[in-house]
Amino acid sequence: MAFQKPSIPKGTRDFSPAEMLKRNYIFNTIKKHFVRFGYQPIETPAMENLSTLMGKYGEEGDKLLFKILNSGDYLSKVSEEELDKKNSQTLTSKISEKGLRYDLTVPFARFVVQHQNEISFPFKRYQIQPVWRADRPQKGRYREFFQCDADVIGNNALLNEVELVQLIDSIFTDLKVNIVTKLNNRKILSGIAEIIGQADKIIDITVAMDKLDKIGLDNVNQELLSKDIPQEAVDQLQPIILLSGSTSEKLAALKNALADSEIGLKGISEMEEIMDYLQLFNLQNEVELDLTLARGLNYYTGTIFEVKATDVQIGSICGGGRYDDLTGIFGLKDVSGVGISFGADRIFDVLNELDVYPKHQSESTKVFFVNFGKNEEAYCLPLLAKLRQSGINSEIYPEAAKMKKQMKYANGKAIPFVAIIGEDEMQKGELILKNMESGEQKSLTAEELLTLMAE
RNA sequence: GUGAUUGUAGCUCAGUAGGUUAGAGCGCUGGAUUGUGGUUCCAGAGGUCGCGGGUUCGACCCCCGUCUUUCACCCCA
């Protein structure tokens, strides 16, 4: 019989039980800190109406949206003329009205507007769900990946930004990943663009500046020129791009340079307030002002965040920012929000590379019962039930297979303890407990097993 | 979307200037060990050499297409 070779779409992955234990450790850790900071969970559908998603992520983002074909005879309403034109853009709008979510922020904004009467502000929500992008996969880049978002919406205070920095610090400290948190402010970037007389070119300018680390100053300047930014404006930009020193030194110099830009000064004072706040905390990881930090998403209006692992080269593992009017497009004005998104799949890759997972995963089996037959089953099963009632992960082999096979099964699952109860043990009212790591065995009563395992 | 790159057993990889039956290690199954895994020894199963087409007497190998992998660009978690 002809068969089909099993496969999954490009850029997607299966996760084995061993990998899921590790991933759940990441999700559980992140979730724990979200909850500790007062965030509440929500979920939204995998698919959204395309009208909700389109136009929110820039031109590039629209291209990367996975679109879902309409149900039924989706071509029946399309005219011959339309088909002949072979214009994908106009045609997709006719045959597809749903798409897979591209991030969690835009669906969240939609959620807030739609449920505004049930929500009291400020609303702090967290959301851990997969998102999809029709990108070409490469290192640390997948077409399906999980984001872990925490956002505060309906409040302008900069303390929200400060708390997000703390949240980032405590999560990565807990995960044992060394990081640097980079901060910038869209208003400062606007001020820079304004001061050099290129306010309308802000996107091009920030995208080019963002590449400084990667391609160097000369190439950045070349890219700026290629975007029709005049030489004199590029020259004017040089001292700002090359600004160095401590954060306070940078801010002082910027204050001078942006003295004529109202919006620029606003951005600087926001940054100063955040930095002052951060003095109050004993953060474990570095926080720095990075003027070359741009963040592609064009709905950010204030602070922008990006987190990089210092010991692994993989791009940013967390990013976010403040958006002043994301809900406006859905009809709710003057609601500002700020949030961050942890890239779980990249964090997974980082933790794998660093191998900093805890030794014992609480989600796996702790005690395994060897099955010797019906009589022994009758003796073991009540004890097994008791263990489970006491919250101890335990299992029994489903049939009286050869002991070697059963031991091999326990070994393969890395189960630390094996309980052996055959005829002899039943008669004595005891059991043999084998420590699979040391190989040592000892006789115990059922009671002793329960107390020992509960420790 | 652009430019490269990869594909041989479940996994990691050898291999042939195009020429009869394609190999190893690990894993798997069975046995040595009828109540002991992880170590040792022995045996065994498992492959349309990514898929489709072409060149050739003959293709796993050469050519074209396609899918997939990895990487860079664009962009981004």
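Throughout, a chain's letter reflects where its sequence line sits, starting with A, and its residues are numbered from 1.
- When the P atom of B:rC76 is taken as reference, atom CZ of A:F146 falls 23 Å away, rounded to whole Å.
- In terms of phosphate contacts, A:K214 brings a side-chain nitrogen or oxygen within less than 4.0 Å of OP1 or OP2 of B:rC73.
- Contact annotation for A:G58: no contact, since no heavy-atom pair falls under 4.0 Å across all strands.
- With rounding to whole Å, A:L104 atom CG is found 17 Å from B:rC76 atom P.
- Nucleic acid contact for A:G439: base, since at least one base atom lies under 4.0 Å from a heavy atom of the residue.
- In this structure, B:rU29 and B:rA43 make a Watson-Crick or G-U wobble pair, each of the two defining distances being under 3.5 angstrom.
- Note on A:E425: a base of the nucleic acid sits closer than 4.0 angstrom, heavy atoms only.
- For B:rC60, there is no paired nucleotide, since no Watson-Crick or G-U wobble pair has both relevant distances below 3.5 Å.
- For B:rC76, its base sits under 3.5 Å from the side chain of A:R346 at one donor and acceptor pair at least.
- One donor-acceptor pair, N or O on each side, does fall under 3.5 Å between the base of B:rU36 and the side chain of A:K434.
- Classified by interplanar angle (parallel below 30°, tilted 30° to 60°, perpendicular above 60°), the ring pair A:Y126/A:F34 is tilted.
- For A:R143 and B:rA77, the CZ to C1' distance is 16 Å, given to the nearest whole Å.
- Side-chain polar atoms of A:R125 and A:Y39 form no donor-acceptor pair below 3.5 angstrom.
- The distance from atom CD of A:Q138 to atom P of B:rG3 is 16 Å, rounded to the nearest whole Å.
- The CG atom of A:D345 sits 19 Å away from the P atom of B:rC76 (whole-angstrom rounding).
- Within 6.0 Å of the CD atom in A:E288, the count of heavy atoms belonging to other residues, nucleotides or ligands exceeds 12.
- At a threshold of 4.0 Å, the pair A:K124-A:E163 counts as salt-bridged, since one of the basic side-chain nitrogens sits closer than that to a carboxylate oxygen.
- Note on A:Y409: nothing from the nucleic acid sits closer than 4.0 angstrom, heavy atoms only.
- Considering only side-chain atoms of A:S316, the nucleotide from B:rU36, B:rC75, B:rA77 that sits closest is B:rA77.
- Both tests do not hold together for A:R186 against A:Y300: distance to the six-membered ring centre under 6.0 Å, angle to the ring axis within 45°.
- Within 3.5 Å, no donor on the side chain of A:Q406 pairs with an acceptor on the base of B:rU36, nor the reverse.
- Nearest to the side chain of A:K139, among B:rC71, B:rC75, B:rU69, sits B:rC71.
- Separation of the P atoms belonging to B:rG65 and B:rU6 is 15 Å when rounded to the nearest angstrom.
- Nearer the 5' end of RNA chain B, as judged by each residue's closest nucleotide, is the contact made by A:K405, out of A:K405 and A:L64.
- The base of B:rC75 is paired with the side chain of A:R141 by a donor and an acceptor separated by under 3.5 Å.
- Residue-level contact check: A:V207 touches the backbone only, with heavy atoms under 4.0 Å from sugar-phosphate atoms and none from bases.
- With distances taken from any side-chain atom of A:K408 to the nucleotides B:rC75, B:rC28, B:rA77, the minimum falls on B:rC28.
- Of the side-chain N and O atoms in A:K63, none sit less than 4.0 angstrom from OP1 or OP2 of B:rG1.
- Residue A:F369 contributes atom CZ, which lies 16 Å from atom C1' of B:rU36 at whole-angstrom precision.
- Of the side-chain N and O atoms in A:Q147, none sit less than 4.0 angstrom from OP1 or OP2 of B:rA77.
- Using a 4.0 Å heavy-atom criterion, one finds that A:D424 contacts the bases of the nucleic acid, with or without backbone contacts as well.
- A donor and an acceptor atom, one from each side chain of A:N371 and A:E377, are located under 3.5 Å apart.
- Taking only side-chain atoms of A:I432, from C-beta outward, the nucleotide of B:rG37, B:rU36, B:rG31 with the closest atom is B:rU36.
- Across all strands shown, A:G11 has heavy atoms under 4.0 Å from sugar-phosphate atoms exclusively, and none from any base.
- Closest to the side chain of A:R133, out of B:rC74, B:rA77, B:rG37, is B:rA77.
- Residue A:I314 is classed as having no contact, given no heavy-atom separation below 4.0 Å to the nucleic acid.
- At a threshold of 4.0 angstrom between heavy atoms, the contacts of A:K308 with the nucleic acid are absent.
- Along RNA chain B, the nucleotide closest to A:R136 and the one closest to A:M403 are compared, and the more 5′ of them pairs with A:R136.
- Here the P atom of nucleotide B:rU29 and the NZ atom of A:K402 are 12 Å apart, to the nearest Å.
- For the side-chain contact (heavy atoms from CB on, under 4.5 Å) criterion with A:F342, the lone passing option out of A:L175, A:D149, A:I30 is A:I30.
- One cannot find a donor-acceptor pair under 3.5 Å joining the base of B:rG38 and the side-chain atoms of A:N411.
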